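Quick notes on the structure that follows.
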2 protein chains.
Amino acid sequence: MSYATDLTETSASRAASTDTAPSQVHKPGQCTRANEVISLVGDKWSVQIVMLLGTGRHRFMEIKRAIEGISQKMLTVTLRGLERDGYVTRTVYPTIPPKVEYELTDLGLDLLEPLRALGSWALANHDRVVAARTAYDARAKAK
Amino acid sequence: MSYATDLTETSASRAASTDTAPSQVHKPGQCTRANEVISLVGDKWSVQIVMLLGTGRHRFMEIKRAIEGISQKMLTVTLRGLERDGYVTRTVYPTIPPKVEYELTDLGLDLLEPLRALGSWALANHDRVVAARTAYDARAKAK
DNA sequence: CTGTATCCCTATCGATACTG
DNA sequence: CAGTATCGATAGGGATACAG
(Lines give C-alpha, C1' and ligand atoms only; values in the text may rest on other atoms or scores of the structure.)
Protein backbone atom coordinates (compact mmCIF):
# COMPACT_ATOMS: atom_id res chain seq x y z
CA MET A 1 0.00 0.00 0.00
CA SER A 2 1.73 3.10 -1.19
CA TYR A 3 1.00 6.39 0.43
CA ALA A 4 0.19 9.49 -1.54
CA THR A 5 -0.25 12.36 0.84
CA ASP A 6 -0.03 15.08 -1.74
CA LEU A 7 -2.16 14.57 -4.78
CA THR A 8 -3.71 17.86 -5.68
CA GLU A 9 -2.55 17.71 -9.26
CA THR A 10 -5.11 15.17 -10.33
CA SER A 11 -6.24 16.37 -13.72
CA ALA A 12 -3.21 18.53 -14.22
CA SER A 13 -1.47 16.67 -16.99
CA ARG A 14 -3.90 16.51 -19.84
CA ALA A 15 -3.03 17.78 -23.29
CA ALA A 16 -1.38 15.10 -25.41
CA SER A 17 -4.14 14.41 -27.90
CA THR A 18 -3.82 10.68 -27.64
CA ASP A 19 -0.58 8.84 -27.32
CA THR A 20 3.05 9.94 -27.00
CA ALA A 21 2.55 10.76 -23.31
CA PRO A 22 3.28 7.77 -21.11
CA SER A 23 4.51 10.15 -18.47
CA GLN A 24 1.14 10.10 -16.82
CA VAL A 25 1.62 7.16 -14.54
CA HIS A 26 -1.10 5.05 -13.02
CA LYS A 27 -0.70 5.03 -9.27
CA PRO A 28 -2.35 2.03 -7.64
CA GLY A 29 -2.44 3.68 -4.25
CA GLN A 30 -4.53 6.53 -5.52
CA CYS A 31 -6.92 4.23 -7.28
CA THR A 32 -7.46 2.19 -4.17
CA ARG A 33 -8.27 5.26 -2.15
CA ALA A 34 -10.38 6.79 -4.86
CA ASN A 35 -12.30 3.60 -5.39
CA GLU A 36 -13.19 3.49 -1.75
CA VAL A 37 -15.30 6.55 -2.42
CA ILE A 38 -16.30 5.89 -6.00
CA SER A 39 -17.61 2.45 -5.16
CA LEU A 40 -20.50 4.28 -3.61
CA VAL A 41 -21.32 5.59 -7.03
CA GLY A 42 -21.26 2.06 -8.24
CA ASP A 43 -24.14 1.34 -5.99
CA LYS A 44 -27.36 1.13 -7.93
CA TRP A 45 -29.33 3.42 -5.63
CA SER A 46 -26.87 5.73 -3.88
CA VAL A 47 -26.49 8.15 -6.75
CA GLN A 48 -30.20 8.49 -7.29
CA ILE A 49 -30.81 9.10 -3.62
CA VAL A 50 -28.08 11.69 -3.33
CA MET A 51 -29.40 13.43 -6.41
CA LEU A 52 -32.90 13.42 -5.00
CA LEU A 53 -31.74 14.77 -1.65
CA GLY A 54 -30.00 17.46 -3.63
CA THR A 55 -33.44 18.96 -4.01
CA GLY A 56 -33.82 19.28 -0.25
CA ARG A 57 -34.86 17.48 2.89
CA HIS A 58 -37.07 14.40 2.44
CA ARG A 59 -38.89 11.81 4.50
CA PHE A 60 -38.34 8.08 4.21
CA MET A 61 -41.53 7.34 2.32
CA GLU A 62 -41.09 10.34 0.07
CA ILE A 63 -37.78 8.97 -1.07
CA LYS A 64 -39.20 5.51 -1.52
CA ARG A 65 -41.97 6.81 -3.72
CA ALA A 66 -39.64 9.04 -5.71
CA ILE A 67 -36.98 6.49 -6.51
CA GLU A 68 -39.29 3.99 -8.13
CA GLY A 69 -38.26 0.38 -8.02
CA ILE A 70 -36.31 0.51 -4.78
CA SER A 71 -37.36 -1.88 -2.05
CA GLN A 72 -37.79 -0.77 1.51
CA LYS A 73 -34.84 -2.86 2.54
CA MET A 74 -32.51 -1.37 -0.02
CA LEU A 75 -33.62 2.15 0.82
CA THR A 76 -32.85 1.59 4.49
CA VAL A 77 -29.54 -0.06 3.77
CA THR A 78 -28.47 2.58 1.28
CA LEU A 79 -29.46 5.46 3.54
CA ARG A 80 -27.53 3.90 6.41
CA GLY A 81 -24.50 3.65 4.20
CA LEU A 82 -24.80 7.24 3.08
CA GLU A 83 -25.22 8.32 6.68
CA ARG A 84 -22.21 6.32 7.77
CA ASP A 85 -20.06 7.85 5.08
CA GLY A 86 -21.14 11.29 6.16
CA TYR A 87 -23.18 12.24 3.11
CA VAL A 88 -26.57 12.54 4.76
CA THR A 89 -27.98 13.29 8.18
CA ARG A 90 -30.84 11.37 9.70
CA THR A 91 -33.24 13.25 11.91
CA VAL A 92 -35.82 11.36 13.92
CA TYR A 93 -38.92 13.08 15.22
CA PRO A 94 -40.23 10.95 18.12
CA THR A 95 -43.85 11.39 17.18
CA ILE A 96 -46.57 8.86 16.52
CA PRO A 97 -46.40 7.81 13.85
CA PRO A 98 -42.64 8.32 13.63
CA LYS A 99 -41.17 10.76 11.16
CA VAL A 100 -37.64 10.58 9.87
CA GLU A 101 -36.06 13.11 7.57
CA TYR A 102 -32.91 12.78 5.52
CA GLU A 103 -30.82 15.66 4.32
CA LEU A 104 -27.48 16.09 2.64
CA THR A 105 -24.55 17.19 4.77
CA ASP A 106 -21.96 19.63 3.51
CA LEU A 107 -20.00 16.66 2.27
CA GLY A 108 -23.04 15.38 0.44
CA LEU A 109 -23.67 18.75 -1.12
CA ASP A 110 -20.06 18.79 -2.20
CA LEU A 111 -20.42 15.42 -3.82
CA LEU A 112 -23.43 16.66 -5.69
CA GLU A 113 -21.32 18.71 -8.03
CA PRO A 114 -19.22 15.99 -9.71
CA LEU A 115 -22.26 13.75 -9.56
CA ARG A 116 -24.36 16.24 -11.46
CA ALA A 117 -21.60 16.62 -13.99
CA LEU A 118 -21.65 12.91 -14.55
CA GLY A 119 -25.42 12.83 -14.69
CA SER A 120 -25.53 15.61 -17.23
CA TRP A 121 -22.95 13.84 -19.31
CA ALA A 122 -24.91 10.62 -19.11
CA LEU A 123 -28.09 12.26 -20.29
CA ALA A 124 -26.36 14.21 -23.00
CA ASN A 125 -24.54 11.18 -24.38
CA HIS A 126 -27.12 8.52 -23.78
CA ASP A 127 -27.99 8.34 -27.44
CA ARG A 128 -24.39 7.92 -28.52
CA VAL A 129 -24.03 4.97 -26.21
CA VAL A 130 -27.23 3.36 -27.39
CA ALA A 131 -26.17 3.87 -30.99
CA ALA A 132 -22.81 2.29 -30.29
CA ARG A 133 -24.47 -0.69 -28.68
CA THR A 134 -26.83 -1.19 -31.58
CA ALA A 135 -23.99 -0.99 -34.06
CA TYR A 136 -21.88 -3.41 -32.05
CA ASP A 137 -24.68 -5.93 -31.74
CA ALA A 138 -25.43 -5.66 -35.45
CA ARG A 139 -21.78 -6.32 -36.24
CA ALA A 140 -21.71 -9.28 -33.87
CA LYS A 141 -24.82 -10.83 -35.32
CA ALA A 142 -23.68 -10.34 -38.91
CA LYS A 143 -20.50 -12.25 -38.27
CA MET B 1 -41.95 2.63 -18.86
CA SER B 2 -42.38 6.29 -19.57
CA TYR B 3 -40.97 7.80 -22.66
CA ALA B 4 -38.99 11.02 -22.68
CA THR B 5 -38.15 11.88 -26.22
CA ASP B 6 -37.05 15.43 -25.60
CA LEU B 7 -34.59 16.10 -22.82
CA THR B 8 -31.98 18.39 -24.15
CA GLU B 9 -32.26 20.74 -21.17
CA THR B 10 -30.17 18.50 -18.99
CA SER B 11 -28.34 20.74 -16.62
CA ALA B 12 -30.57 23.70 -17.27
CA SER B 13 -32.13 23.99 -13.85
CA ARG B 14 -29.19 24.46 -11.54
CA ALA B 15 -28.71 27.50 -9.39
CA ALA B 16 -30.52 27.24 -6.04
CA SER B 17 -27.60 27.14 -3.62
CA THR B 18 -29.09 24.57 -1.30
CA ASP B 19 -32.67 24.40 -0.19
CA THR B 20 -35.70 26.61 -0.73
CA ALA B 21 -36.02 25.29 -4.26
CA PRO B 22 -38.33 22.30 -4.45
CA SER B 23 -39.09 23.36 -7.99
CA GLN B 24 -36.35 21.08 -9.17
CA VAL B 25 -38.40 18.00 -9.83
CA HIS B 26 -37.11 14.47 -9.98
CA LYS B 27 -37.97 13.02 -13.37
CA PRO B 28 -37.92 9.22 -13.36
CA GLY B 29 -37.49 9.03 -17.11
CA GLN B 30 -34.26 10.96 -17.01
CA CYS B 31 -32.91 8.88 -14.17
CA THR B 32 -33.60 5.67 -16.01
CA ARG B 33 -31.75 6.89 -19.06
CA ALA B 34 -28.94 8.40 -17.05
CA ASN B 35 -28.55 5.25 -15.01
CA GLU B 36 -28.13 3.25 -18.17
CA VAL B 37 -24.86 5.10 -18.62
CA ILE B 38 -23.91 5.64 -15.01
CA SER B 39 -24.30 1.97 -14.20
CA LEU B 40 -21.07 1.52 -16.07
CA VAL B 41 -19.44 3.68 -13.47
CA GLY B 42 -20.91 1.40 -10.88
CA ASP B 43 -18.84 -1.35 -12.30
CA LYS B 44 -15.81 -2.02 -10.17
CA TRP B 45 -13.35 -2.10 -13.04
CA SER B 46 -14.73 0.07 -15.83
CA VAL B 47 -13.76 3.35 -14.27
CA GLN B 48 -10.23 2.25 -13.56
CA ILE B 49 -9.78 0.96 -17.07
CA VAL B 50 -11.13 4.08 -18.69
CA MET B 51 -8.88 6.20 -16.50
CA LEU B 52 -5.89 4.08 -17.42
CA LEU B 53 -6.68 4.26 -21.11
CA GLY B 54 -6.89 7.99 -20.63
CA THR B 55 -3.10 7.84 -20.58
CA GLY B 56 -3.01 6.37 -24.07
CA ARG B 57 -3.18 3.14 -26.05
CA HIS B 58 -2.47 -0.06 -24.15
CA ARG B 59 -2.18 -3.78 -24.75
CA PHE B 60 -4.24 -6.40 -22.99
CA MET B 61 -1.56 -7.60 -20.64
CA GLU B 62 -0.39 -4.07 -19.92
CA ILE B 63 -3.84 -3.25 -18.64
CA LYS B 64 -4.02 -6.44 -16.64
CA ARG B 65 -0.75 -5.67 -14.93
CA ALA B 66 -1.67 -2.06 -14.29
CA ILE B 67 -5.07 -2.59 -12.76
CA GLU B 68 -3.93 -4.91 -9.98
CA GLY B 69 -6.44 -7.41 -8.72
CA ILE B 70 -8.45 -7.81 -11.88
CA SER B 71 -8.79 -11.32 -13.26
CA GLN B 72 -8.30 -12.10 -16.91
CA LYS B 73 -11.93 -12.93 -17.28
CA MET B 74 -13.12 -9.67 -15.79
CA LEU B 75 -10.72 -7.68 -17.91
CA THR B 76 -12.02 -9.32 -21.06
CA VAL B 77 -15.64 -8.88 -20.06
CA THR B 78 -15.17 -5.29 -19.02
CA LEU B 79 -13.27 -4.36 -22.15
CA ARG B 80 -15.98 -5.97 -24.28
CA GLY B 81 -18.58 -3.93 -22.48
CA LEU B 82 -16.64 -0.73 -22.95
CA GLU B 83 -16.16 -1.55 -26.60
CA ARG B 84 -19.83 -2.30 -27.06
CA ASP B 85 -20.82 0.97 -25.48
CA GLY B 86 -18.46 2.81 -27.77
CA TYR B 87 -15.93 3.96 -25.20
CA VAL B 88 -12.93 2.03 -26.49
CA THR B 89 -11.69 0.60 -29.74
CA ARG B 90 -10.11 -2.80 -30.05
CA THR B 91 -7.36 -3.25 -32.58
CA VAL B 92 -6.06 -6.72 -33.36
CA TYR B 93 -2.66 -7.24 -34.95
CA PRO B 94 -2.71 -10.71 -36.54
CA THR B 95 0.82 -11.51 -35.49
CA ILE B 96 2.23 -14.41 -33.57
CA PRO B 97 1.92 -14.08 -30.71
CA PRO B 98 -1.21 -11.97 -31.10
CA LYS B 99 -1.23 -8.35 -30.06
CA VAL B 100 -4.35 -6.42 -29.19
CA GLU B 101 -4.45 -2.78 -28.33
CA TYR B 102 -7.20 -0.83 -26.66
CA GLU B 103 -7.72 2.87 -26.97
CA LEU B 104 -10.35 5.37 -25.96
CA THR B 105 -12.71 6.63 -28.62
CA ASP B 106 -13.84 10.24 -28.75
CA LEU B 107 -16.76 9.21 -26.60
CA GLY B 108 -14.41 7.62 -24.12
CA LEU B 109 -12.24 10.69 -24.05
CA ASP B 110 -15.35 12.75 -23.44
CA LEU B 111 -16.32 10.57 -20.55
CA LEU B 112 -12.91 11.04 -19.07
CA GLU B 113 -13.70 14.58 -18.03
CA PRO B 114 -16.59 14.00 -15.61
CA LEU B 115 -14.84 10.84 -14.50
CA ARG B 116 -11.70 12.71 -13.61
CA ALA B 117 -13.77 15.27 -11.76
CA LEU B 118 -15.25 12.49 -9.70
CA GLY B 119 -11.88 10.88 -9.17
CA SER B 120 -10.36 14.13 -8.01
CA TRP B 121 -13.23 14.65 -5.64
CA ALA B 122 -12.87 11.15 -4.30
CA LEU B 123 -9.18 11.58 -3.62
CA ALA B 124 -9.62 15.01 -2.13
CA ASN B 125 -12.42 13.95 0.19
CA HIS B 126 -11.28 10.44 1.01
CA ASP B 127 -10.25 11.46 4.48
CA ARG B 128 -13.53 13.14 5.28
CA VAL B 129 -15.38 9.96 4.39
CA VAL B 130 -13.08 7.78 6.45
CA ALA B 131 -13.45 10.15 9.37
CA ALA B 132 -17.22 10.04 9.05
CA ARG B 133 -17.18 6.28 9.03
CA THR B 134 -14.99 6.06 12.09
CA ALA B 135 -17.19 8.49 13.95
CA TYR B 136 -20.34 6.62 12.94
CA ASP B 137 -18.94 3.27 14.00
CA ALA B 138 -17.79 4.70 17.30
CA ARG B 139 -21.25 6.10 17.92
CA ALA B 140 -22.83 2.77 16.99
CA LYS B 141 -20.57 0.79 19.29
CA ALA B 142 -21.01 3.17 22.20
CA LYS B 143 -24.76 2.75 22.14
C1' DC C 1 -44.54 5.50 9.29
C1' DT C 2 -40.09 3.59 9.82
C1' DG C 3 -37.65 0.21 10.47
C1' DT C 4 -35.62 -4.92 11.46
C1' DA C 5 -35.18 -9.85 10.41
C1' DT C 6 -35.61 -13.90 7.56
C1' DC C 7 -35.55 -16.52 3.43
C1' DC C 8 -34.09 -17.31 -1.06
C1' DC C 9 -32.81 -16.55 -5.69
C1' DT C 10 -29.85 -14.61 -9.03
C1' DA C 11 -26.04 -12.18 -11.09
C1' DT C 12 -21.35 -11.52 -10.37
C1' DC C 13 -16.90 -12.68 -10.07
C1' DG C 14 -12.61 -15.43 -9.15
C1' DA C 15 -9.99 -19.63 -10.10
C1' DT C 16 -8.79 -22.93 -13.20
C1' DA C 17 -8.10 -25.20 -17.42
C1' DC C 18 -7.89 -25.15 -22.24
C1' DT C 19 -7.50 -23.04 -27.45
C1' DG C 20 -5.59 -20.25 -31.42
C1' DC D 1 -0.26 -13.14 -25.73
C1' DA D 2 -5.16 -12.98 -25.95
C1' DG D 3 -9.25 -15.13 -25.27
C1' DT D 4 -13.01 -18.72 -24.25
C1' DA D 5 -15.34 -22.03 -21.26
C1' DT D 6 -16.73 -24.11 -17.08
C1' DC D 7 -17.52 -24.38 -12.26
C1' DG D 8 -18.23 -22.98 -7.81
C1' DA D 9 -18.49 -19.49 -3.91
C1' DT D 10 -20.77 -15.42 -2.28
C1' DA D 11 -22.87 -11.21 -1.93
C1' DG D 12 -26.54 -8.17 -3.72
C1' DG D 13 -30.98 -7.49 -3.53
C1' DG D 14 -36.20 -8.66 -3.70
C1' DA D 15 -40.29 -10.51 -1.14
C1' DT D 16 -42.20 -11.24 2.64
C1' DA D 17 -43.45 -10.94 7.69
C1' DC D 18 -43.10 -8.69 11.90
C1' DA D 19 -42.08 -4.79 15.63
C1' DG D 20 -41.74 -0.02 17.81
Side-chain angles (χ1 to χ4, degrees), chain A residues 28 31-32 35-36 38-50 52-53 57-85 88-103 136-137 139-141 143, chain B residues 31-32 35-36 38-49 52-53 57-85 88-103 136-137 139-141 143:
Chain A
C31 291
T32 304
N35 238 43
E36 235 176 288
I38 292 181
S39 63
L40 190 145
V41 180
D43 193 58
K44 187 179 177 184
W45 305 113
S46 294
V47 177
Q48 293 189 58
I49 292 178
V50 170
L52 175 66
L53 290 181
R57 200 185 307 115
H58 286 285
R59 299 187 55 171
F60 186 86
M61 269 301 164
E62 283 175 10
I63 304 174
K64 179 152 169 31
R65 272 188 293 269
I67 296 297
E68 178 181 23
I70 193 170
S71 66
Q72 196 177 49
K73 175 186 171 182
M74 276 303 101
L75 180 53
T76 302
V77 170
T78 306
L79 283 171
R80 281 294 184 285
L82 291 173
E83 187 195 358
R84 187 170 105 99
D85 285 3
V88 310
T89 58
R90 177 171 176 271
T91 314
V92 183
Y93 298 89
T95 58
I96 295 178
K99 174 181 172 184
V100 180
E101 287 191 332
Y102 293 90
E103 190 173 13
Y136 183 92
D137 292 346
R139 253 180 284 130
K141 207 173 74 176
K143 205 173 44 180
Chain B
C31 291
T32 304
N35 239 43
E36 237 176 286
I38 293 181
S39 63
L40 189 145
V41 180
D43 193 57
K44 188 180 178 183
W45 305 114
S46 294
V47 175
Q48 292 188 60
I49 292 178
L52 174 65
L53 291 180
R57 202 186 304 114
H58 285 285
R59 300 185 54 168
F60 187 88
M61 270 302 165
E62 283 176 10
I63 305 175
K64 178 150 168 33
R65 272 188 293 268
I67 296 297
E68 178 182 24
I70 193 169
S71 66
Q72 196 178 48
K73 174 186 171 182
M74 275 303 101
L75 181 54
T76 302
V77 170
T78 306
L79 283 171
R80 283 291 185 286
L82 291 173
E83 188 193 358
R84 186 170 106 100
D85 286 3
V88 310
T89 59
R90 178 171 174 271
T91 312
V92 183
Y93 298 90
T95 58
I96 293 178
K99 174 180 171 184
V100 181
E101 288 191 332
Y102 294 89
E103 189 173 13
Y136 183 93
D137 292 346
R139 255 180 282 128
K141 208 173 73 175
K143 201 171 49 179

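Just so you know, these numbers come straight off a predicted model, no measurement behind them. In what follows, chains are A, B, ... by sequence order, proteins preceding strands, each numbered from 1.
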List the steps and the verdict of side chain to side chain contact (heavy atoms under 4.5 Å, CB included) for Ile63(B) and Leu53(B).
CA-CA 8 Å; Ile63(B) 305 175; Leu53(B) 291 180; 4.1 Å; yes
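For dC1(C), neither phosphate oxygen OP1 nor OP2 lies less than 4.0 angstrom from any side-chain nitrogen or oxygen of Arg59(A).
In this structure, the CD1 atom of Ile70(A) is 14 Å from the C1' atom of dT2(C), given to the nearest Å. Rounded to a whole Å, the CD1 atom of Ile96(B) is 9 Å from the C1' atom of dG20(C).
Residue Met61(B) is in sugar-phosphate contact alone, with no base atom involved, counting any heavy-atom pair closer than 4.0 Å across all strands shown. Across all strands, Tyr93(A) comes closer than 4.0 Å to no nucleic acid atom at all (heavy-atom distances).
Atom CD of Gln48(B) is separated from atom CG of Leu52(B) by 9.0 Å, given to the nearest 0.5 angstrom. Note that CG of Leu75(A) is 8.5 Å distant from CE of Met61(A), once rounded to the nearest 0.5 Å.
Considering all non-hydrogen atoms of both residues, Trp45(B) and Glu68(B) come closest at CZ3-O, 4.4 Å. In this structure, Ile70(A) and Lys64(A) approach most closely via the heavy-atom pair O-NZ, 3.4 Å.
Remark: Lys73(B), Met74(B) in residues 72-84 of chain B come within less than 4.0 Å of DNA chain C through at least one heavy atom.
First and last contacts of DNA chain D with chain A, using any nucleotide atom under 4.0 Å from a protein heavy atom and ordered 5' to 3', fall at dG13(D) to dG20(D).
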Without placing hydrogens or testing angles, list every side-chain donor-acceptor pair under 3.5 Å for residues 89-97 of chain A, not counting sequence neighbours.
{"unit_1": "Thr89(A)", "atom_1": "OG1", "unit_2": "Glu103(A)", "atom_2": "O", "d": "3.3"}
{"unit_1": "Arg90(A)", "atom_1": "NE", "unit_2": "Tyr102(A)", "atom_2": "OH", "d": "3.2"}
{"unit_1": "Tyr93(A)", "atom_1": "OH", "unit_2": "Glu101(A)", "atom_2": "OE1", "d": "3.3"}
{"unit_1": "Thr95(A)", "atom_1": "OG1", "unit_2": "Tyr93(A)", "atom_2": "O", "d": "3.4"}
{"unit_1": "Thr95(A)", "atom_1": "OG1", "unit_2": "Pro97(A)", "atom_2": "O", "d": "2.9"}

Side-chain polar contacts of residues 78-85 of chain B - donor-acceptor pairs under 3.5 angstrom, sequence neighbours left out - could you list them?
{"unit_1": "Thr78(B)", "atom_1": "OG1", "unit_2": "Met74(B)", "atom_2": "O", "d": "2.6"}
{"unit_1": "Arg84(B)", "atom_1": "NH1", "unit_2": "Asp137(A)", "atom_2": "OD1", "d": "2.8"}
{"unit_1": "Arg84(B)", "atom_1": "NH1", "unit_2": "Asp137(A)", "atom_2": "OD2", "d": "2.6"}
{"unit_1": "Asp85(B)", "atom_1": "OD1", "unit_2": "Arg133(A)", "atom_2": "NE", "d": "2.6"}
{"unit_1": "Asp85(B)", "atom_1": "OD2", "unit_2": "Arg133(A)", "atom_2": "NH2", "d": "3.3"}

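Nearer to the 5' terminus of DNA chain D, by closest-nucleotide assignment, is the contact made by Trp45(A) (compared with the other of Pro98(A) and Trp45(A)).
No side-chain heavy atom of Ile49(A) sits less than 4.5 Å from a side-chain heavy atom of Val88(A).
The side-chain hydrogen bond (donor to acceptor under 3.5 Å, both in side chains) check on Glu62(A) picks up His58(A), with sequence neighbours excluded.
Rounded to 10°, the angle separating the first-five-pair axis and the last-five-pair axis of the helix from dC1(C)-dG20(D) to dG20(C)-dC1(D) equals 40°.
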